[in-house]
Each structure stands twice: as structure tokens, then as C-alpha cells.
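Right, one structure below, let's go through it.
All chains are named by letter (A, B, ...) in the order of the sequence lines, taking the proteins before the strands, and each is independently numbered beginning at 1.
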Amino acid sequence: MTHILSATLLGPLLAAAAILALPARAARAIRWVSVAGALVPLAGSLLLLARYDPRAGGFQFLETVPLIPEIGLAFRLGVDGIAVPLVFLTAIIHLTSLFVSWSLAEREKEFFLFIALLVTGVYGVFVSLDLFVFFLFYELAVLPMYVLIGIWGSSMEIEGRGPFAALFPKIGVGRKEYGAMKLTLYLLAGSAFILVGIFLLWVEGGRTFDYATLAAERLGVGVQRSAFLLFYVGFGVLAGIWPFHTWSPDGHAAAPAAGSMMHAGVLMKLGAYGVLRLGFGLLPAAGAELAWLVGGIAVVNIVYGALAAGRQTDIKYLIAYSSVSHMGIVMLGMAALNEPGLSGSVYQMVAHGVMTALFFALVNLVYGISHVRDMTAMGGYAARMPGIATFFVLAGLSSLGLPGLAGFTAELLVFLGAWTSSHAWWLIPALIGAFVTALYVLRAVRTIFLGPLEPARSSGLRDARGAEWVGFAILGGALVLLGVWPRLLLRPLNAGVGELLMRLGG
Amino acid sequence: MTAPALLLVASALFSIGLFGVLARRHAIAVLLSIELMFNAVNLAVVTVAWSRGWLAGVVLALFGIAITVAEIAVGLALVLLASRMPGRVLLDELSELDG
Amino acid sequence: MALGPASLEIATLALAFLVLAWDLIEPARESAGRRGGLYALAAAGLVLILLGSERVPLPGSLTDAFVLDPFALLVKRILLATALLAVAGLHAHTRARGIAWRSGEALVLLLFATVGGMALVSARELLTLFVAFELLSLPLYVLTALEKERRTAAEGAIKMFLFGSVSSAVLLLGIALLAAGTGTTFWMRVAAWPHDPIVRLGAALVVTGFGFKLAAFPFSLWAPDTYQSAPAPVVAFLSVAPKAAAVAALFRLVFEMFGPAGIPVGSWIAVLAGGTMLVGNLLALRQRDLKRLLAYSGIAQIGYVLAALAAGTRLAAGLSLFYFVAYLAANAGAFLVVAAMEAAGEEPTLHGARNLVRRSPVLASSMLVFLLSLGGIPFALGFWGKMYVFLAAADAGLWWLVTIGALLAVVALFYYLTIARWMFIVRDEGPALTVPAPLAAAIIACAIVAGAGGLIPQRFAEPALRAVDAMTNSSSR
Amino acid sequence: MLPLALTVLAGPLGALALIGLVPPLRRSGRPAAFVAIAGTAVALMAAAALAAPFVTAAPPAPAAFELVWMPLGTVPAIPFGLLVDGLSASMAVLVALVALLVQVYSLAYMAGEPPSSLGRYFAYHALFAFAMLGLVLAHNLLQTYVCWELVGLGSYLLIGFWFDRPAAGRAALKAFWTTRLGDVGFALGIVVLWSAAGTFTFAELFAKASSGAIAGGALTLGMLGIYAGAMGKSAQAPLHVWLPDAMEGPTPVSALIHAATMVAAGVYLMIRVAPLLALTPAVAEAVFAIGVATALLGASMALVERDLKRILAHSTVSQLGFMMAAVGSGGAAAAYFHLLTHGFFKALLFLAAGSLIHAFHTNDIFSMGRAVRAMPVTSACFAAGALALAGILPASGFFSKDEVLAAVLAGGHPVGFAILVGTAALTAFYIGRALLIALVGAGSGASREAHDPPPAMTAPMLVLAVPALAFGIAGPTVSRLVAAPEEHAPVVVPILGTLAALGGAAAAWVAFRRGALEIRARGPLAPLIRALERRWYLDAPFEWGYRVLHAGVFRGIAWLDRYVVDGAVNALAWGTWGAAGRLRAIQNGRVQDALYAVAAGLVLLAWLAWGA
Amino acid sequence: MRDAAFWSLSVLLLGAAAAVVTARSLIRAAFALAGSLLATAALYLLLTSPLLAAVQVLLYTGGVLTLVVFALVVAGANEPAARFRKPLPAGMLALAVFAALASAIGTLPAGPGVGGLESGRDVGLALFGDYLVPFELLSVLLLAAVFGALLLARRERAS
């Protein structure tokens, strides 16, 4: 019995404890402790990638600590081929989010503490095999974002039109308090549905929260359908499925760099992972029956998100809407219910995670430097920030599916899966979405970075520096690596997807 | 004289008391109404005791009387306390705490 | 007839009389040091009783009216612990408000109320139940008006008093009707329950009476006003002890009386639970006074427990006990934080909590733990508590309750987070707050239970579940 | 053969990695340029070695090589591989050669750039060369698509190289978006063919298709998709609109990407999949018809253009139409032959044009003039290119155009043949016009001091002039390269072609022999000329479409999202807030009102008890 | 005879109660309350419990009346201009409660009572037998009440 998974969890948790113990003045020590806390899970995730045995398949690296046997609750850890790449993704983004926040100079102690807590929750979700523990970590992952946005976020009030002109200031649309509260409450409202779904399985599945036991249970179709819908809506909120996605633009726009990196990069994946793991994985009959719904909404997501992004002038909103669109691709791959689709879906989780993390890191840096979020007030920044521009283009190209970058691999697999699924037409809107992505991403590149740099706007502009480069380089490198060497993740993924398909087929 | 009839009388007494509690403005009048309610309950207890030959009912009623007295004592003390603020013996005037 | 089963009550009474004696013979009424001794005596006594409670023989009973089983014992411990916290709070409060000479009376009344609550959970007879119910109410009417110089003291107390009195009358009437149906107040002696409307009506009246103690909607309307006007340490007791005792007593009634009698109390309570969650959470949203806000939050919390009570299963009882441990730590802790703020001369409002993290890191971080626990956020103890009561409700098929409960718990986060925002995010200046050591110790103890306890939930859940097993075993005839 | 093929790719890729990952090298400018040139030179040599065996009388069998790129569990893995046959090897030579020459030319042409910009420029070039060579050598459709997109990226980056010019940014966007529109179809086509055949590999696709294992509908849909991609890249009407604007990029870039190589990729792809095209006559018809239309369209727009580079760009559009027409009528070999000659002579023309622009600091032909005397080398090269473009014996263009026309005729399209012959006449006319006005005429810029560029620029031109003039003799070899049987066109074809070319040239001579002559938009032809100047108003639908998308659809969806979808969320929150406020009325502070609740609760519970 | 006594006492009881809740003067209301308590005591006699009747008269009526009058003197009767607040909804709620109670009571069998509550000794035995625990608790309760009332009512010098 190895302890890779518990070490992965304990890394950030102990870092959090250490940060708590350190005095607030010791900002430098706090940063390095955070990095140490991120390197442990990174090493763990690399070990998982290397040592996960795809031939044996199934859940490996199992650990179990009984908690409350009366209600079938235990601390059960384990990963399969689907979870392994996601742990890897989390580790990458965890580490880089720290580097990108290196120059943060306000209440560092609390900041890195909350990041560590958040990320502990994320790791926990990916590695837990007990539904209740899963849920526990899920909630833990969602909540710190409130503080991260509330303290370190940014506000840009949105003026309502017409009858909303009076209402919007009252609600505070666009303010960080609004974004923080909306994001938190919306996601936790989703988790309420998840909770009911988990309890439903507990009641119907032999009063246990054990994933393996529940998976072996033959649940009635009616129960499966209810639970699946509960999970779909609950996790779907976090995955940004239409029409439950609107927390994402407001929340992510208000969040600080590391916050939106973690959130859009990893947490939205938690939602998709939940649908995949608890929805399709535990409830195969309902999954097969309701795939049309998941796929249909996914297609709406892709197109709708892209179209909405097209109109945004606030760069953060733009990226947030692009996330909504790209999460549609994740869900579409899932709904295809075939090998390329499912592989592509998880691959897209990773690819989009890295890509959007890079995006948010860059966008927040640009905002931090220029204090402008409105694209139309920018232009010609490439002259002063060529490095940022390069990475932005890189991320943008991945997001529009340029081959050689991670996004293409994922989209290709999903497209292949969509066309060979029972709803071939899904491919058409997906392709349209990909085209619209090219429209808005490159328009953003042009508006922000190209064109003449007006002297009035040029003062104080600079390129990235120091640790920021490290963060960007890791993320950019990951985009390229995942684009040219898909084998790295597909090796475990195929095992995981294969088993899932067996369940779905059988 | 049957048990239901007695219980109906007690219920009526209870309701009259309740009406007083809900409708009178003066705090002491409300306390008097509460007395009526307790008295009604005691009557009901004794009725039940009588109708079933249940001796413990008398004990229950005795307890009821004792507790009523205790309640009224504390209640009056509270009203007195309130009345030290000039004129505040009308319950509606005790409405600083709301929302 | 050995007094063993009542030894905890007797010890607490003895402690009360000791305190009374000390208070009477103490010459210098204004001496703070001596007052400290009084509190030390009360606290030490309570600690001793708590420690001694480990050695009480189980199960035992005194006549047929009074039973001591593990279930009752656990609730009694909760009550004693609550009293202990209130003692620490009162110490700071009476000193800060210059009413230290009332300490003796306050402590005696507090201990009397504790005895009432302890008797309530052991009662197996309606008359005992009623008297214990009264004994848990009456001293608290007085304690809420302890700070009687305060303008609103009498108002809050009178409101509670009127609700309490009407509820007492209703409860007694319910007892009379139950007796009319069965001919006895010893429910364990009833061999065959009649299926009379009168019995059902009696049960409804009993539930109504308990509604006041639980502060369950619609019998909860007194609570916010009273909490707001009462001294915060008293509220710490008031918001936990009567509720815990009442829920425990209701569980006993459900298991031993309503269940055998075939009265579907659960379905009525489910209605109350839904309304209580809804109204509590909605009304808490716009509050600015912390005590008032926490009052509504407490109402909402009771709504969640009522969901478990509505389930009425053995699992539900055990998990409710667990819930109350978490609720005790978090809710009493939160009121103690408010007490500390009041004692330090800060207004107990959201604005008063501004930037608390700078002004008193201990208070702020403890309060955060309490809020997380109340909000049901992992890994706080309250997270497990809330999940468990929902699980119990789900287990009984009360899906609609679980669903609206889970959704309303999200609404609740709005106000919990709002408090957190004032404490941690708002940067307005304010004076630093100093907290007296005993109160700080009590707060930190609560924070440790509410926070770190969540890492070892099984330590709390297992005794609770075992206690329930024992109770239902001993009572299943 | 494999090591050579890998070397072809490794050269530019190594250069790219070196320049891209070593910032000091990139910032140093010229050293980076030499790295890129060295990489391309390596690729050229390897490509030449690769191609050499195929031009012999006994060519070796095509060699394929593949490895697993994306392993999939039960579904066949997605491969990555190289295919070396006559077509790919010779095309690689063309690409590497032109790329090398253009890079050398750029050394001088871009000498004025700051070092870091220069480094960036050559990094883009290395990227482009790698991608283009990869495209050429790809052994499956997916890999073609991969490199196809990367080529597009190179084009995007190089068009927008001078990013501080608004027009450059706009043109880069337009190029990317328009070609991307076609690529949506390409992607669809690939996916459709994959699902029908279970493979991306050309050889397997051909085998399955010819054995009838692929459903007809799927094959047609797939081929339509692929052709859509080719339309975008090879600027077939109506997706040609990006190409003239792409001239905002540096002129050497235009020579390489937008004349010789990338724009020919579409034609190359169609030649590659010609076996499939043969099985889908409907698609072939479309390819042919659109090709003919594009040829005429491009030539007509070139008639009135004043911008020298744009004249050449229109001309490229037109010539690509010729090639596509040949492919569509089954003349893959002819198309390929024309692709090669066009690559040479159009690159030559662009380089010469660049030289002129460099000298006159303008693109406007009416601002040039009398270059013949001041810039003899440039003028000679330009003239050589023009000769080839016009298709006048003995330049290479004569032979290849001859074959194209013959293929069209053989394909049974007399009307198309006639149109193409007419277009050939127009071609001679517009290039004659450009030549006469820019080189001979006395425009406003004529008086300025202009002279031939340095050897780094003249040498590539001179090198290119050789095949531009003489490559015509390679016709049979080219046929062998694509393994097509040599066909002998009827004698009438070259005669008609030559007559048309000479006629066009003569008309140009008549009209413009006295140098600069403003075109007057008057008389009966005025509307036509205006339409030509506005490029047949074909840009408008795209602009209009984008505007509708942006101001209509995007805006509508954004509005919907903010006020309806999110509005519901806000309404829920606001409603809850309001409800909480209204609910506070039950806590009005009057205890007796509150006691109502007890009485009401009692009644409620009694009712429940009664009902239950 | 007993029925007649019962009915007349009931009318008296309810009449006095109505007077309590409607009387304009609080003093009058207090005496009406005394009347109703005495009527109840008489009913207890009818219900065969002289012990309760005695307690009712001596302790309850006397004690309560003394307390109330004392309070009225201290607090001042301070009669408001209007006795009632919103009598209509209050009355309807009271009626609803009565209806709820009556509807259940109506289902009881109407028979004569068993009676036999006369023995004071038996009551005493019950008090110290089955009801020992509540009796002890009651003593604490009364102590608490005295204590509390004192705490609230005594006037203190502000410190």
C-alpha cells in the first residue's frame, strides 16, 4: 500500500498549517512554504503518471481509513486512469498559480493559506472514492474562492440598461462583492443538488458511500435517472453548463489571478469530473438514456459561450465566456459515450485547464500593469509586453484548436467522438463554435496587442518578470507538450475510459 | 354534568383567556388573561381526573396551581420592571425590538 | 430507591445552593475578586460534575418518572457544558456592565435552569416533563432581564414570558387531553394506546408547547427580540440548552409515546421543519444586529434538526445528538464572541465586527470557525452535523425537506459570509478589543471543538450513535 | 529514405527551436537569420536528395513511415507519419528552394528592422518552412490538417509582422478567419472520412474508397469538406478575399507564402486526393467550375489595380483558379506542373516587385517608372516572370498553361476552356500593363533616384529566373512524378493559348506603350471598371456578415445572457432579498401580533392531527 | 341538581371570564378574575375534590389577587383610552382554537364521571410516591420564582 495519494493531499494541507503558524511578516517564507506544498503533489502526480498501470486498470494506490461504519462512511482514496491526468493538471496549475502571484503584496499569509486550502479540496475530490468524502472536499474547494475574490479581487461596475439601470447598482453587478457572493452561492446551490443525489444513492444503494460498492449495485432506472439529473445539475453548475453558467463571467472577472486560474482551470473541471464519475460512472443506464440532454446542452454551451464572448470588451469576461464555451466541449465529449469522445472530454479538461489558467494569469497581469480591463482602451501593448503577447497568442491558439497545442488534441478527439456518436449533428455546432472562437480570440489579440501604441497609454507598461516567467513558461510548455505528446495522458486515460465504456455498455 | 361538557366549558374559558392575551392592551390585563387560561387547563385536568377516577389528576392540578402562581409572580415582576420606564405598561409600547 | 440516576441533577442543585450560600455570606458586594471566586466555584463545580458524569451507573431509573440512559446522559453533558460556557461569559459580562453584585442570583438561576433541562431529558412521565419544562423556562425569563437597567431588557423578557406562559398552558392542556385518553401520565405504563382524536389533539398541543422551547416557526417569534435584548452569555445558554433538551425530550416522546401510539407526529414536525428553515433563513438575511442575526440563524438550524426529528428514526436521534454537539460549540461560541465584543464596549452589530481580524485576531478567527460550522462548511464539525441530519431525513424518505434544507443552507451562507466579510474584508478602523482570559479560554475551546473536531467526526458520532442504541434497547418493551 | 525525410523537417524545426527557445539568439537579429537560413538550406539539400531518385527513369516505390501519435484503446490509434513519393519529394524541393531564396532575399530586404524584430521574423519563417514541409510530406489527412493550420499560423504571423500598422493586423485577421472558415469544412471532411473509413491515411483511404468500402454519401461529404479547406487556403472564390489584403505583409513573405507555397497547398491537397476526387464527380465538377470562375475573377480584378503587389495577388488568385480547374477536370499532372512553374515565376515576380517597392518606396505602379534603365537586373527579372505568367513561348508558363488548357479540354469542358483562354489573354494584358507602367512609363516616381538592390536580393531573383524561363522542358518529368500518363494535347491548344497571350500583350502595348496612363472611369465601361476597382463587391458580404455577427448575434447573445439568463439569477436573488424584507413584517415587535402565530400554529397542528 | 349547579356555575365562570377580558377597569378585571377562580373552586367541589377547592380559594385566588392588586398599585393602573387592540382577528383566532379543541372533545363519550377524588391522604401518598421527582422539581421551581421575582423587582442604587 503506497501513500502517494495521502501525501498529495497532505502536501498543501501541511503547507496551510505551516503558513498559519508563520507570522504574517514572513512573506518570503510563506511563499516558499506554499511552493513546497505544491511540489509535493506535483511529484505525486508525476509518480502517478509513471506508475499507474494501465494494463491492470481500475482504481489503484488505494488507501482506506474507516470513519463511521454505521453509515458506511470511510476515508477512501484511489485513482483510476481518468483521475490521474486531472491530478497532474491540478498540480501544474497549483504550482504556477503560486508563481504568478509571487509579486502579490497584500495580506500574503491569508492569500497563500486560502489557496492551499482550496487546492487541498481539489486534490481531495479527484482522489476520493467515498461519495461523502468526495462531497466534503468538493465544498472545501468551492468556498475559499469567496475570500480570494472578496479581498484580492477587482471590481468594474456594470451599468444596466433600461429598467436595470436602477437595479444593477443596488445589486452591485460587477463589483467584487457581488461576484464573490454570486459565485459562492451559485456553486453551493449546485452542491445542494449533489448532496441530495448522494443521499439518494446512499438510501437506494445499501446505505454506504463507498464508490466501489455503489458501482457494483444494480440500481433501478428510475433512481438512476433522478440521481443522474441531480448530479448533472449540481455538478453542471460548476462545470458551467448553460444556463447555469452566469456565475462564471461575473466571478472570474472579479477574481485575482491565482483565484481564477485555480477556479477556471481546475474547479470547473471538478464539475465535469463529477458528472463523469458520479453521473456516467455510477449511473450508466441513466447516463446512456440522458446523453442526448447532456450533449444537447453541451452544444448550446459551445456556441452560446463563443457568441457571448464575441461581444465582450472586458478581457476577463471574454476569457470567462470562452471557458463556458470550452466546457461545452468537455461535456460534448462525455455525451458522445464512445472512446474518442470520452478520452477527448478528459483531455479537454486538462487542455482547457492549462490554457485558461494561462489566459487568466496573463489577463490579470495585463490588468495589474495597465489597470485597464476594457480592451477598447488598449492597443499596441505588444510593443511593451512582447512576452505577454506571445504567451497570450499561444493560449489563444490553443483555445481555437490550433494543432500542435493541447486544445487541438482534445477537440479532435471530441469531434471524432461526436460524429461517431448517435447524434452526429452535434459536430456541426461544435465546429461553428470553434470558428467563432477564432473570431473572438484573434480579435482580442489584435485589440490588445496589435496596432499603434498611443503614448498616453504607454506609461508604466512593462513585460512580465521574475517568477511570472516561470509560471508562464510552465503553462506554455505544458500546452505544447500536451499538444505534441498526447500519449503522456492518453496512456492512463485509455484504461480509465475503457472501463467506463464497459460499464456503460454493460 | 358530563366530562365533554366540562371540557367544553374549560375550552371556552381557555379561548376567552387566549382572546384576552391577544387583544388586551394593558400588560396586567394580559397577565390576568393568562391566569384564565391556566385556570381553564386546571379545570380540564380536574375534569379528566373526575371522569376517570384518576387521583393523580389532583396532583397535576395542584402542580398547575403552584406553577401558575410562580409564573404570575415572575410575570408581574417583569411588568413592574417595564413600568419603570414611564408609561410602558401597554404591550404595544414595548416594541423597540423588531425586524 | 437509590438516588444514583438523579445524581447529576442533585449535584447541580447542590452546586447551586453552594453558590447561593457563598453569595449570601460574602461581605463586600462590590469586590470583583470575590466575584471571581464565585464564578470559579460555579465553573469548577460544573467541570467536576461533567467529569463525574463518566461514573454514573447506566441505565437507571427513579420511580417510573425519571430515567437515566446514555441518551439522556449525553444531552445532560451538552447542557452542563453550555452552562459552563455561559458561566465564563457571565463573568466577563457582569464585570463589564458593573452588575457584578447580581452574579450570585444569575448563577443560581442558570444552574436551576440547567437542572430543569437535565430533568426534562430524563422525564418519562408527563407531569415531570411539565415541571421540568417550567423549570427550564422560568429562570431564563429572569436571566434575560438580568441587565435590567437596559431599556429593552424588560421588553425582551416579557415577550419570552408571554410566549412561554401561553405555551405552558397549551402544554398542560395537551397533557390533560393525553391523560383523558389514557388515564395516566406515565406513558410507559400504557399497555394499549387508544386511537382517539383526543389523544392526537393532545399530542398536537404537546408539540405546540415544545415549539416555544425549540423556537420553531411559528412559535419562534419571541426569540430574535429576546436574544437581542438579553445579555449575550445568557443567550449562549438560551439558544442551545432549551433546544437541545426539547429535541431530546421530543425524541423520547416519539420513540416511547407517539410511536407506540401510532401518532404521526413526524409528518407534522416535517411541516414545522420546512417553515422553520425557510423563515429562519430568510429573516436572517437582512439583519445587522449580530444577536438578532444569530437568533434567526439558530431558528434555521433548529429547522434542520426538526427534519431529523421528523424522520424519527434511531439513526436520526443519534445524528441529532451529534448535531447538537456541533451546534453547541458553534452557536454558543458565536454568542460568546458577541459577549466578548459587548464586554469590550463594542456594539454587537455587523458594523461592530468591522475589521475584527486586526482588532482581535482570536475573536475573528474563532468566529470564522463558528460561522463555518454553522454554515456547514467542511471540515468544521457543523458540516458533518448538517449532513447527518439531512442524511437522517433522507433515510426516512423526507426528500422534499432535504432538498429545501440543502438549498436554504446556501441562502444561509449569504449571511454567514456577510459576517465574515465584515470581519475579514472590510478595512475600517476600530479600537482593539481585549478579551478577559476565562472568556477567551471558553471561546477557544469552542473553536477547537467546532474546528478541529471536524477532522475526527467519528469521535463524536460514535458515542452519539451508541447512546441511541442503548436508549431504544432499554425502552423497547 | 526516412532519415532524409526527417532531415527535411528537422532543419527548419531545429532552427525554430533554437531561435524560439534561446531569447538572446532571437534578439541578436542577424545570427538568428543565419540559423534559419542554415536550417532551410539543410532542408533543401535533403529534399533534393530525396527527390533525385524520383526523376530518374526508374523511380523507386513510394515510401511511407508512421508511428503512433494518439493511442486509443479499441479504436485504431491516430498515427503520425511521412510519405515520400515523387509528388511530395519534388514539392518539398520547390518549397525549400523558394523558402531559402526568400530568406536570403529578406536578409537585405529587412535589413532596416531592429535586431529583435528580425529574429522574430526569421523564427516565423522557420516555423512556416517546417509546417509547409510537414504538410507536403504528410502521409495522412489529419497530419495534413495539422500542418495546414500551422502554415496558416505562419501566414497570420507574417502578414501581421508589422503589428503596429493597423492595416497589417486587420489583414492578418482577415486571412486567418477566411481560411479558417474553409478549415471548418476541412475538419468536418476529415472527421466524416475517418468515421466512414476508420483511417486518416491516404493509401488506406484510396484503397477503401476504390473498393467501395466507403459509402458514397460520406465520401462526397468528406471531399466537399476537404475542398472547402482547399478553397480557403488556395483563395478560391468567394474565399479569395483575404489574399489581396495579405499583401500588407513584407514582400518576401508574399513571394513565399502568398504566391509560391502556402496558397498552392490547397491545389497540392487536391492533387494528393485526386484518386478520391475521381470517385466523386460532383465534387470534381464544383472544383472545376469554381476554379474557372476564380481564374476569370482574379484576372479581371488585376486589370484595374494600381498596387503592384495586389496586381500580383489578383494574378495569383487567377492562376490558382487555372490549377483548380485542371484538377477538377482530372488533370492533376497538369495542375501540378502549373503549380511548380507558377511557384517559380510568381515568386520571381514578387521578389522583383519587392525590389521595385524597395527602390521607389511605394506600391503604386503609377508612382514608379523608367526602372528599365535605373534597375536593369530587376527589370529583366520582372520581365522574365511576366513572360512566364503571360504564357509566352519559351517561358515555363507557356508549357504549363498549355497543359492546363489541354486537361480542361480533355476533361470535356469546352466552355470552361474558352473562358480560360480568354482569361489567358487578360493575364497577358494586365501583366503587360503593370510592366509597361512600372518599368517603362514615366510615373511621378520616375524622377527619383532608384537603383538595383544589393546582391543578397538580386541573387535570389536571378536564381529564380532560370526555372521561371526554362522549367517548361520538365513537363514530362513532372508527369512521371505524379505517375500520370503523358498526354498529348491537340495542336490547337498551344496555338490558341499563344494567340490569346500575344493578343493580350499586344493590347497592353497599344494601350500603355507611352507609359503612364490613368484609367478613366468614364464611358460605357465605367460601371464595369468601378466594379472591378471594388473587386466585384465581393468583400462586402464578408464585412457585412461580420458586422451582423458582431453587432447582431454577438450583441444579442450577450444581451440575452446578461438580462435574461443571468437576469433570472439576479431576479431570484433580488426576489429572495425582497421576500426577506417583506417577511420581516411578521416580526413587527408587537408581542401580541406575534402571539397570533402561536394560536395559528396551534390550529395548524390541530388540523394536521385531525387530518392525519 | 348537580346539573343545575354545574350549568349555573359554568355560566358564572364564563361570565366572569368575559368580564376579565373586557372590563375597562383593571381593578374590576382583577375582581372578576377572582370571581371566576372562585366559580372554578365551586366546580372542583362538584368534581368531588374539596382539597383542590380549598387550595384554589386560599392559595390561588388569594395569592393572585394580592399580587395583582399590589402590582396595580405599584405600576399604576394607567388605563389606556382603548382596552383592545385588533379585537376582531384576536377573537377569530380564539374561536378557531375553541373549534379545534371542541371538535376533538366532541368525540368523547358523554358519561357521568367516576369521581372519588376526595381523599387528601391518597393525594399526599401520590405526591411522595409516583410524583416525588416532579414534587422536588416543583420546590426548586418555586424557589427560582421567588428568587427571580426578587431580583427583578428590587430597586437598586445604580453603581
query: Taking it one step at a time, do B:V58 and E:D122 satisfy side-chain contact (heavy atoms from CB on, under 4.5 Å)?
result: CA-CA 10 Å; B:V58 178; E:D122 290 351; over 6 Å; no
task: Using the side-chain contact (heavy atoms from CB on, under 4.5 Å) rule, take E:L26 and B:R24 through it: C-alpha gap first, then chi angles, then the decisive distance, then the call.
output: CA-CA 11 Å; E:L26 281 175; B:R24 289 298 299 245; 4.2 Å; yes
- prompt: Does the side chain of B:I67 come within less than 4.5 Å of E:L141's, by heavy atoms?
  reply: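 They are in contact (side-chain heavy atoms under 4.5 Å apart), so the answer is yes.
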Between [options], which shows the greatest number of heavy-atom pairs under 4.5 Å with chain E?
options: B:D92, B:T47, B:L78; value: B:D92
options: B:I72, B:L43, B:L81, B:L60; value: B:L43
options: B:L18, B:V69, B:L7, B:L32; value: B:L32
options: B:A56, B:S51, B:G20; value: B:S51

Less than 4.5 Å to any heavy atom of chain B: does that hold for the side chain of [X], its backbone, both, or neither?
X: E:L46; answer: both
X: E:L33; answer: side chain
X: E:S36; answer: both
X: E:T107; answer: neither
X: E:P89; answer: neither
X: E:A82; answer: both
X: E:L43; answer: side chain

What residue, out of [options], has the most heavy-atom pairs lying under 4.5 Å from chain B?
options: E:P87, E:G63, E:A29, E:A126; value: E:P87
options: E:L142, E:V68, E:V97, E:L52; value: E:L52
options: E:L51, E:L67, E:V114; value: E:V114
options: E:G124, E:A5, E:A32, E:A23; value: E:A23
options: E:L150, E:L59, E:L93, E:L127; value: E:L127
options: E:L101, E:L95, E:L88; value: E:L101

Within residues 79-117 of chain E or reaching into it, pairs that qualify as ring-ring contact (aromatic ring centres under 6.0 Å, His included) - sequence neighbours excluded: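 Applying ring-ring contact (aromatic ring centres under 6.0 Å, His included) to every pair that reaches into residues 79-117 of chain E, excluding sequence neighbours, yields B:F19-E:F84.
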- request: Report the distance from atom CG of B:L76 to atom CG of E:L152, rounding to the nearest 0.5 Å.
  value: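 The distance works out to 11.0 Å.
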What closest approach, in Å, do [X] and [Y] show between heavy atoms, and which atom pair accounts for it?
X: B:A73; Y: E:A149; value: O-CB, 4.2 Å
X: B:R84; Y: E:R154; value: NH2-O, 3.8 Å
X: B:G53; Y: E:L117; value: C-CD2, 4.3 Å
X: E:R85; Y: B:R25; value: N-CG, 3.7 Å
X: B:L36; Y: E:A17; value: CD1-O, 3.7 Å

query: Mind checking what makes side chain to side chain contact (heavy atoms under 4.5 Å, CB included) contact with B:P4, not counting sequence neighbours?
result: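 Here the qualifying residues are B:T2, E:I105, E:L108, E:A110.
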Given a strict heavy-atom distance threshold of 4.5 Å, which part of [X] is in contact with chain E: side chain, backbone, both, or neither?
X: B:L62; value: both
X: B:L80; value: side chain
X: B:L6; value: both
X: B:N42; value: both
X: B:A40; value: neither
X: B:R52; value: backbone

query: Only one of E:V11, E:L13, E:L9 forms a side chain to side chain contact (heavy atoms under 4.5 Å, CB included) with B:V9, so which one is it?
result: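 Of all the options given, the one that passes is E:L13.
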